**Q** 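The structure's right below; bear with me while I get my questions together.
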Amino acid sequence: MNVNQKGCFAEYKFATAAMECGLNVSMPLLDSSKYDCIVEHEGRLSKVQIKNANNRVQSEIKKGVFVNLRPSGTFYNKDFVDIFAIYIFDGFFIIPNKEQRAFRFIQSGKYSNFFNNFAPFFN
């Protein structure tokens with residue numbers, strides 16, 4: 001798969017996982033939005049930006065995987081993205097947007113409580 005296909009794969013994988021948790025998922029028809037999908041639960045809408053980091057080599061995973069959210073080094077404004085869903089280790093780290101620029105993931109690291117935890121959509 002090329003980079004675009006890997007990104008689409010992660011987006012559909014996230015949508016499926018969210019629906020399995022009882023959430024409604026909507027995706028924009030164009031790829032010009034700052035978010036990749038909108039998740040709805042009981043009338044509350046959350047704009048989600050999805051990243052695929054599963055294409056890292058195994059040696060990187062042992063040291064931790066660095067995920068730069070934007071190549072320009074800027075951040076996603078909280079007005080446009082509420083939550084990040086980062087696909088890695090065959091699951092999603094679901095993290096509220098605090099205008100972070102990047103993350104470093106280790107399977108049992110500081111973000112481990114966000115792994116496959118869809119709670120931000122239910123709060």
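Note: hydrogens, waters and symmetry copies are ignored here, and every other heavy atom, side chains too, is used. Quantities reported herein were computed from a predicted structural model and do not represent experimental measurements.
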**Q** With side-chain contact (heavy atoms from CB on, under 4.5 Å) as the test, would you mind laying out the steps for V48 and F121 before giving the verdict?
**A** CA-CA 10 Å; V48 183; F121 298 110; 3.7 Å; yes
**Q** Let me have the donor-acceptor pairs involving side chains of residues 21-36, under 3.5 Å, with sequence neighbours excluded, atom names and distances please.
**A**
| residue | atom | partner | partner atom | Å |
| --- | --- | --- | --- | --- |
| N24 | ND2 | E40 | OE1 | 2.5 |
| D36 | OD2 | I50 | N | 2.7 |

**Q** Where does the angle between the aromatic ring planes of Y111 and F103 fall among parallel (under 30°), tilted (30 to 60°) and perpendicular (over 60°)?
**A** perpendicular
**Q** Restricting to side chain to side chain contact (heavy atoms under 4.5 Å, CB included), what partner residues turn up for Q5, sequence neighbours left out?
**A** M1, N2
**Q** Taking all heavy atoms of I83 and all of P120, pick out the closest pair and write down the distance.
**A** CD1-CB, 3.9 Å
**Q** What's the spacing between N116 CG and I94 CD1 if we round to 0.5 Å?
**A** 6.5 Å
**Q** Could I get the full list of ring pair (Phe, Tyr, Trp, His ring centres under 6.0 Å) partners for F75, not counting sequence neighbours?
**A** none
**Q** Going by heavy atoms in the side chains, are I86 and F114 under 4.5 Å from each other?
**A** no
**Q** CD/Q49 to CD1/I95 distance, rounded to the nearest 0.5 angstrom?
**A** 13.0 Å
**Q** Got a sec, which residues hit ring pair (Phe, Tyr, Trp, His ring centres under 6.0 Å) with F115, two or more places apart in sequence or on another chain?
**A** F93
**Q** Could you work out, with side chain to side chain contact (heavy atoms under 4.5 Å, CB included) as the rule, every residue matching D90, not counting sequence neighbours?
**A** N54, Y87
**Q** Not counting sequence neighbours, which residues clear side chain to side chain contact (heavy atoms under 4.5 Å, CB included) with N97? List them please.
**A** Y76, K78, V81, F84, E99, Q100
**Q** Show me the donor-acceptor pairs, under 3.5 Å and distance only, between side chains in residues 8-19 and residues at least two apart or in other chains.
**A**
| residue | atom | partner | partner atom | Å |
| --- | --- | --- | --- | --- |
| T16 | OG1 | Y12 | O | 2.9 |

**Q** Nearest 0.5 angstrom please: R44 CZ to N123 CG, how far?
**A** 7.0 Å
**Q** With rounding to the nearest 0.5 angstrom, report the CG to NZ distance, D79 to K47.
**A** 6.5 Å
**Q** My understanding is that only residues two or more places apart in sequence, or in another chain, count here; which of them pass side-chain hydrogen bond (donor to acceptor under 3.5 Å, both in side chains) with N113?
**A** none
